[in-house]
**Q** 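Can you keep this structure in mind? I'll have questions shortly.
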Protein chains: 2
Amino acid sequence: MQHFAYHSEENYLKTLYKLEDKKVKKVNNTALSKALELNPATVLEAVRKMSEKKLVTVLADKTIQLTDKGRKKALQIVRRHRLWEVFLVDKLNYKWDEVHHIAEQLEHIEADSLTERLEAFLGNPTVDPHGDPIPDESGKLKRIKTQPLSEAPWNKKLTIVALGNSSDEFLKYLNKIGLSIGATVEVAEVEDFDKSITILHKKSSITLSNEAANTLLVAL
Amino acid sequence: MQHFAYHSEENYLKTLYKLEDKKVKKVNNTALSKALELNPATVLEAVRKMSEKKLVTVLADKTIQLTDKGRKKALQIVRRHRLWEVFLVDKLNYKWDEVHHIAEQLEHIEADSLTERLEAFLGNPTVDPHGDPIPDESGKLKRIKTQPLSEAPWNKKLTIVALGNSSDEFLKYLNKIGLSIGATVEVAEVEDFDKSITILHKKSSITLSNEAANTLLVAL
DNA sequence: ACAATAAATTTGGTGAACCAAATAAAATTG
DNA sequence: CAATTTTATTTGGTTCACCAAATTTATTGT
Ligand SMILES: [Mn+2]
Ligand SMILES: [Mn+2]
Ligand SMILES: [Mn+2]
Ligand SMILES: [Mn+2]
């Protein structure tokens with residue numbers, strides 16, 4: 001009996017899913033290695049093993065794709081990750097930019113019943129603290145219809161419901177300027193020169209770069 | 001960066017602590033190997049490494065002892081284990097005989113703040129679902145004064161506050177006969193022949209072997 | 001087409017954590 | 001105390017997950 005837990009396969013699958021979700025067209029060994037920050041030789045070996053286990057398929061052009069079986073496993077991990085994030089924020093009062101690395105560990109806890117009980121305990125949340133949808137038990141997830149704030153109509157109440165990316169830096173930036181999931185904002189002005197926009201939020205106005213406005217997703 | 005987590009050292013320390021707590025006098029390599037269900041060669045190597053790190057001391061007679069540093073680490077794991085057990089039982093409605101193996105995994109999650117926040121969220125419990133005390137942040141634990149039910153006075157209301165051992169079999173047995181931590185019982189009769197005892201619990205009488213009565217600990 | 005570049009793959013290592021089997025040392029017992 | 005048994009230790013493996021440095025096999029730009 002080993003006293004350490006193998007998490008690597010789960011992380012490979014999760015990363016493949018993330019890339020697929022980001023609509024990266026051709027996920028080859030190089031792309032996957034970079035995403036995982038691992039040596040290509042390491043990843044190649046792992047992909048071979050997962051291929052043996054029918055978790056991924058390697059196409060003729062070397063593209064690595066999740067099989068249905070692999071995607072299901074990946075979504076299981078994503079589900080656990082997001083549910084734990086909800087737990088950490090809602091129950092333990094962590095801030096949304098503090099929970100990711102803890103959830104990275106918690107997502108690997110194996111116990112069939114745990115995820116389901118946790119979900120019920122949390123009141124069956126549908127999205128995590130970053131606005132990302134939580135897959136259901138079978139791995140299905142309902143994508144919320146969103147629109148980048150940069151493309152949203154002017155002078156109209158908008159609700160921030162998700163983020164194009166949940167990087168630490170971006171979360172910290174949002175914390176600083178006082179924006180979070182659920183915030184109501186209104187586009188006041190778009191600067192023609194650099195596409196930066198000025199929004200109204202709680203009676204104060206905030207100017208956002210086009211990049212930031214692109215990454216903030218509002219309900220559609 | 002490795003995608004798997006090393007838990008082995010924590011498990012060695014925890015097991016050493018458990019043996020120490022059970023007052024096993026001479027914990028040698030054989031004893032530790034048996035407790036961990038690992039090959040003696042494996043354990044010997046691990047003990048050497050922990051000795052290098054000043055977590056354990058190997059006495060002249062080959063007895064393996066925790067150093068203060070080692071015991072502190074061990075108690076940290078015990079603390080996490082017991083707090084997670086409380087979480088699983090109190091918040092996720094697990095039964096007390098279902099939580100151990102899940103807590104075995106959760107106890108290894110590393111995040112300074114997590115344990116403290118969890119403790120606060122649970123309302124600063126002092127004992128786990130099996131009546132075992134939860135060490136505080138610094139590793140101190142207040143032992144509850146207890147007495148085996150087999151030695152308790154007759155015809156007196158007694159409260160079961162802990163168990164001499166929390167093995168799966170014993171917990172399942174207690175579930176079956178309807179006893180748990182917090183139960184109020186009264187010794188009605190002790191059979192001279194085999195020291196089996198008959199107790200009253202919620203208006204029904206239960207007969208327990210001496211072994212069982214020895215393992216049930218009541219408040220003193 | 002062909003040289004330059006990039007991607008895939010192979011080869012040879014590493015460290016952590018485990019094991020079985022052999023040997024050495026210590027303790028026990030008749 | 002000598003024989004037996006137990007315990008400790010050594011030696012030689014294994015698997016997993018990783019890496020660096022070739023090498024081979026595309027791909028691409030001219
Ligand atoms: Mn996350
Ligand atoms: Mn998230
Ligand atoms: Mn336990
Ligand atoms: Mn316990």
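A note on names: the letters A, B, ... follow the listed sequences, proteins ahead of strands, and every chain is numbered from 1. A quick note: this is a predicted structure, and the numbers were derived from the prediction, not measured.
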**Q** Select one nucleotide: of C:dA16, D:dT10, C:dT9, the one nearest the side-chain heavy atoms of B:Tyr6.
**A**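 Closest nucleotide among those given: C:dA16.
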
**Q** Answer yes or no: does a side-chain N or O of B:Lys62 lie under 4.0 Å from OP1 or OP2 of D:dT9?
**A**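 For D:dT9, OP1/OP2 do have a side-chain N/O of B:Lys62 under 4.0 Å.
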
**Q** Would you say the side chains of A:Ser150 and A:Asn210 form a donor-acceptor pair under 3.5 Å?
**A**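 Per modelled atom types, A:Ser150 and A:Asn210 side chains form no pair under 3.5 Å.
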
**Q** Pick out which of B:Glu107, B:Glu10, B:Glu116 makes a salt bridge (Lys or Arg N to Asp or Glu O under 4.0 Å) with B:Arg79.
**A**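 Going through B:Glu107, B:Glu10, B:Glu116 one by one, the salt bridge (Lys or Arg N to Asp or Glu O under 4.0 Å) with B:Arg79 is satisfied by B:Glu116 alone.
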
**Q** Is the phosphate of D:dA17, meaning OP1 or OP2, less than 4.0 Å from a side-chain N or O of A:Thr42?
**A**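 No, no such contact exists.
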
**Q** Rounded off to whole Å, could you give me the CG-to-P distance for the A:Asn29 and C:dT10 pair?
**A**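 A:Asn29 atom CG is separated from C:dT10 atom P by 11 Å.
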
**Q** Hey, does the side chain of B:Tyr12 come within less than 4.0 Å of C:dA16's phosphate (OP1/OP2), counting only N and O?
**A**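 No, because none of the side-chain N or O atoms of B:Tyr12 sits under 4.0 Å from OP1 or OP2 of C:dA16.
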
**Q** Tell me, please, whether B:Phe121 has B:Lys91 positioned over its six-membered ring: NZ or CZ under 6.0 Å from the ring centre and within 45 degrees of its axis?
**A**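 Ring-cation test returns yes.
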
**Q** Provide, to the nearest angstrom, the distance between the CG atom belonging to B:Asn11 and the C1' atom belonging to C:dC18.
**A**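 Answer to the nearest Å: 14 Å.
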
**Q** When you get a sec, tell me which of C:dC18, D:dA20, D:dT10 is the closest nucleotide to the side chain of B:Arg48?
**A**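 Nearest to the side-chain atoms of B:Arg48, counting from C-beta on, is D:dT10.
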
**Q** Give the rounded distance in Å between these two atoms: CD1 of B:Ile64 and C1' of D:dA8.
**A**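 Rounded to the whole Å, the gap is 10 Å.
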
**Q** Let me know, please, whether A:Thr30 or A:Phe4 comes out on the 5' side of the other along DNA chain C by nearest nucleotide.
**A**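 This one resolves to A:Thr30.
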
**Q** Among side-chain atoms of A:His100 and A:Glu104, is any donor-acceptor pair under 3.5 angstrom?
**A**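 Yes, A:Glu104 and A:His100 have a side-chain donor paired with an acceptor closer than 3.5 Å.
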
**Q** Any donor-acceptor pair under 3.5 Å joining the side chain of A:Asn39 to the base of D:dA20?
**A**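 It does, because a donor-acceptor pair links the side chain of A:Asn39 to the base of D:dA20 below 3.5 Å.
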
**Q** When you match A:Ala41 and A:Glu9 each to their closest nucleotide on DNA chain D, which lands nearer the 5' end?
**A**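 This one resolves to A:Glu9.
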
**Q** Using atom CG of A:Leu32 as one end and atom P of C:dA8 as the other, report the distance to the nearest whole Å.
**A**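 So the CG-P distance, A:Leu32 to C:dA8, works out to 10 Å.
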
**Q** B:Leu59 CG to D:dT7 P: how many Å, rounded?
**A**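 B:Leu59 atom CG is separated from D:dT7 atom P by 17 Å.
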
**Q** If you check every side-chain atom of A:Leu38, which of C:dC18, D:dT7, D:dC19 has the closest atom?
**A**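 When the side chain of A:Leu38 is considered, D:dC19 is the closest of C:dC18, D:dT7, D:dC19.
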
**Q** With a 3.5 Å cut-off and no angle check, do the side chains of A:Asp128 and A:Trp96 form a donor-acceptor pair?
**A**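 No.
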
**Q** As a test of reading the structure: which of C:dT11, D:dT7, D:dC18 is closest to the side chain of B:Asn28, going by heavy atoms?
**A**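 Of all the options, the side chain of B:Asn28 is nearest to D:dT7.
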
**Q** Roughly, in whole Å, what's the span from CD in B:Gln2 to C1' in D:dT15?
**A**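 In whole Å, D:dT15 C1' lies 14 Å from B:Gln2 CD.
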
**Q** Mind calculating the distance between CG (A:Asp61) and P (D:dT28) to the nearest angstrom?
**A**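 In whole Å, D:dT28 P and A:Asp61 CG are 11 Å from each other.
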
**Q** Whole-Å distance between D:dA20 P and A:Glu45 CD?
**A**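 Spelled out: CD on A:Glu45 to P on D:dA20 is 15 Å.
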
**Q** Which nucleotide, C:dA8, D:dA21, D:dC18, lies nearest any side-chain atom of B:His3?
**A**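 Within the option list, the nearest is D:dC18.
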
